[in-house]
Amino acid sequence: MSTAIAVTSADLVLPPTDQQTPTAALLRSPDSQSLEEAVTDMRLLLEQRGYVVAVCSTGLRPAFEQRLRTVRSILESDRIALLQSDLPPLGLAVLVRQLRQLSVCGFSAGVVASAARLLSHYVHAGAMLNSVARLDRVPVSLRTHAKSWVPGSQFGVVAAPEAQLIKIGGGSLTGPPFATHLLVARGQLQSDWVTGTLAPEWKAQAVHEAGLPADSPRWWGTGKLIEFAAYLPDISILYQLVSSVRREKCHWCAMEFIGDRCGFCTAPLLSHENQNQASGVMNQGPS
């Protein structure tokens with residue numbers, strides 16, 4: 001069985017970086033598809049691929065999220081993982097592509113699903129904004145809010161892995177301590193600060209352009225932005241990262257996973273002490 005990566009928006013599917021990277025399956029919204037059609041499509045995807053890892057934003061519309069959970073409940077399938085991420089749209093698209101790459105590297109579905117949390121820490125996602133007045137994803141001080149109303153003000157923001165905010169011309173953003181490529185998506189803001197200043201400061205080895213995800217203006221609170229994401233481009237490094245982490249077996253659904261939480265049922269990792277205790281209870285015979 002293989003693992004299908006599924007997304008809730010077509011603009012989360014970036015072009016592949018090689019011929020081996022598969023595309024992602026598109027899960028349609030409740031507005032464009034009936035529940036019966038959604039169940040049929042998911043059943044077919046499971047039959048074709050075996051496992052489905054559906055990736056979406058924590059800002060996904062409640063009705064859409066409920067649809068995904070309803071489909072999984074109707075199918076009564078333990079082979080569907082629903083992963084929600086706090087990454088901004090462009091950073092999430094990068095993560096989705098990395099999961100697509102890993103899905104054909106011989107990892108089990110459980111490892112691919114749980115690898116999302118690990119890889120998220122290596123995606124530096126942010127944006128250049130003309131205003132932070134409506135930005136609610138990153139802490140903004142009252143003083144910075146006031147500066148946002150000054151004509152001509154522009155801001156550099158990093159939302160992940162750690163929040164940063166500067167007024168452009170008055171500071172710099174701390175970049176990743178490892179070699180990356182920089183993906184840039186331009187909105188309605190005209191500036192060369194991201195490619196001309198940020199990329200050299202972050203020592204980006206290459207800069208690539210992408211279309212701006214449809215959800216980016218809502219996520220960042222303005223359409224006048226340039227979104228960017230720095231990421232590890234080499235699949236061999238991603239493979240090494242995931243391979244180097246100890247694998248566990250979920251005590252609840254028996255799926256293999258890495259990290260501290262199962263990617264399919266979200267059950268937390270039991271401490272080895274608790275695992276031994278649980279094993280002892282299971283093996284006890286009648287008194």
Side-chain angles (χ1 to χ4, degrees), residues 1-28 38-57 60 65 67-69 71-85 87 91-123 231-267 269:
M1 289 187 179
S2 59
T3 304
I5 307 301
V7 294
T8 54
S9 175
D11 50 23
L12 293 180
V13 186
L14 295 173
T17 57
D18 54 59
Q19 296 181 348
Q20 287 72 42
T21 302
T23 188
L26 178 61
L27 304 175
R28 293 163 58 189
V39 170
T40 300
D41 286 352
M42 182 64 77
R43 181 183 291 113
L44 181 60
L45 190 58
L46 287 171
E47 291 175 353
Q48 293 175 339
R49 302 295 296 277
Y51 293 90
V52 176
V53 176
V55 187
C56 63
S57 170
L60 185 68
E65 179 185 348
R67 164 61 63 84
L68 298 178
R69 298 188 183 281
V71 169
R72 185 173 62 176
S73 297
I74 291 175
L75 291 173
E76 297 182 342
S77 176
D78 58 359
R79 292 184 287 133
I80 303 173
L82 301 181
L83 305 182
Q84 290 187 296
S85 173
L87 285 173
L92 184 56
V94 166
L95 177 63
V96 166
R97 182 166 62 185
Q98 292 178 336
L99 293 177
R100 289 160 50 199
Q101 291 174 310
L102 290 176
S103 71
V104 292
C105 287
F107 292 117
S108 67
V111 170
V112 172
S114 54
R117 296 185 69 192
L118 169 67
L119 298 182
S120 294
H121 294 291
Y122 293 90
V123 178
Y231 62 95
L232 292 167
D234 194 338
I235 181 58
S236 64
I237 295 179
L238 299 178
Y239 183 89
Q240 184 178 1
L241 276 173
V242 175
S243 298
S244 65
V245 182
R246 175 174 174 167
R247 302 185 192 184
E248 306 285 352
K249 187 174 183 180
C250 180
H251 68 279
W252 183 258
C253 71
M255 291 291 288
E256 187 181 38
F257 71 97
I258 61 173
D260 61 359
R261 189 172 299 276
C262 176
F264 273 77
C265 72
T266 71
L269 171 67

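- When the side chain to side chain contact (heavy atoms under 4.5 Å, CB included) test is applied to T23, the partners found at least two apart in sequence or on another chain are V13.
- The OG1 atom of T266 lies 10.5 Å from the CH2 atom of W252; values are rounded to the nearest 0.5 Å.
- For the residue pair A38 and R67, the shortest heavy atom distance occurs at CB-NH1, 3.9 Å.
- For the pair Q84 and V55, the minimum side-chain heavy-atom distance is 4.5 Å or more.
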Distance-only check: which donor-acceptor pairs under 3.5 Å involve side-chain atoms of residues 236-243, not counting sequence neighbours?
unit_1: S236; atom_1: OG; unit_2: D234; atom_2: OD1; d: 2.7
unit_1: S236; atom_1: OG; unit_2: D234; atom_2: OD2; d: 3.1
unit_1: S243; atom_1: OG; unit_2: Y239; atom_2: O; d: 2.7

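- In this structure, the separation between CG on D78 and CG on L75 is 11.5 Å, given to the nearest 0.5 Å.
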**OP:** Please assess S77 against L46 for the test side-chain contact (heavy atoms from CB on, under 4.5 Å), listing each intermediate value before the final yes or no.
**Re:** CA-CA 9 Å; S77 176; L46 287 171; 3.8 Å; yes

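- To the nearest 0.5 Å, the span separating CD1 on I235 from CD on Q20 amounts to 10.5 Å.
- With sequence neighbours left out, the side chain to side chain contact (heavy atoms under 4.5 Å, CB included) criterion links R117 to D260, R261.
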**OP:** Start with the C-alpha gap between I5 and V112, add the side-chain angles, then the distance that decides, and say whether side-chain contact (heavy atoms from CB on, under 4.5 Å) holds.
**Re:** CA-CA 9 Å; I5 307 301; V112 172; 4.1 Å; yes

Subject >> Pair S2-R49, side chain to side chain donor-acceptor pair (under 3.5 Å): steps then yes or no >> reply: CA-CA 5 Å; S2 59; R49 302 295 296 277; 3.0 Å; yes

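- Atom-to-atom distance recorded for R69:CZ and I80:CD1 is 12.0 Å, nearest 0.5 angstrom.
- Judged by distance alone, the side chain of S103 and the main-chain N or O of A4 form no donor-acceptor pair under 3.5 Å.
- Across all their heavy atoms, F264 and A113 have their closest contact at CE1-CB, 3.8 Å.
- The salt bridge (Lys or Arg N to Asp or Glu O under 4.0 Å) check on R43 picks up nothing, with sequence neighbours excluded.
- Taking T40 as the reference, nothing meets the side-chain hydrogen bond (donor to acceptor under 3.5 Å, both in side chains) condition, with sequence neighbours excluded.
- Annotation for L26 and A10: closest pair CD1-N, 3.6 Å, computed over non-hydrogen atoms.
- Crowding of Y122 atom OH: a count of heavy atoms from other residues, nucleotides or ligands under 6.0 Å not exceeding 12.
- Nearest heavy atom pair, residue L95 against residue S85, reads CD2-OG, 4.4 Å.
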Original post:
Taking it one step at a time, do H251 and L269 satisfy side-chain contact (heavy atoms from CB on, under 4.5 Å)?
Top reply: CA-CA 8 Å; H251 68 279; L269 171 67; over 6 Å; no

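- A salt bridge links R246 with E248: the distance from a Lys NZ or Arg NE/NH1/NH2 to an Asp or Glu carboxylate oxygen falls below 4.0 Å.
- Annotation: the span from E47 atom CD to R79 atom CZ amounts to 8.5 Å, rounded to 0.5 Å.
- Applying the side-chain hydrogen bond (donor to acceptor under 3.5 Å, both in side chains) criterion to S57, with sequence neighbours excluded, gives no partner residue.
- The shortest non-hydrogen separation linking A115 to L102 is CB-CD1, 4.3 Å.
- A distance of 5.0 Å separates CG of L92 from CG of L12, quoted to the nearest 0.5 Å.
- In summary, E256 and R247 engage in a salt bridge, as defined by a charged side-chain N under 4.0 Å from a carboxylate O.
- A heavy-atom distance below 4.5 Å is not found between the side chains of C56 and V7.
- Here the shortest heavy-atom pairing between C265 and C253 reads SG-SG, 3.7 Å.
- Judged by the 6.0 Å distance and 45° axis criteria, R97 is positioned over the aromatic ring of Y231.
- Considering only heavy atoms from C-beta on, T8 comes within 4.5 Å of L68 through its side chain.
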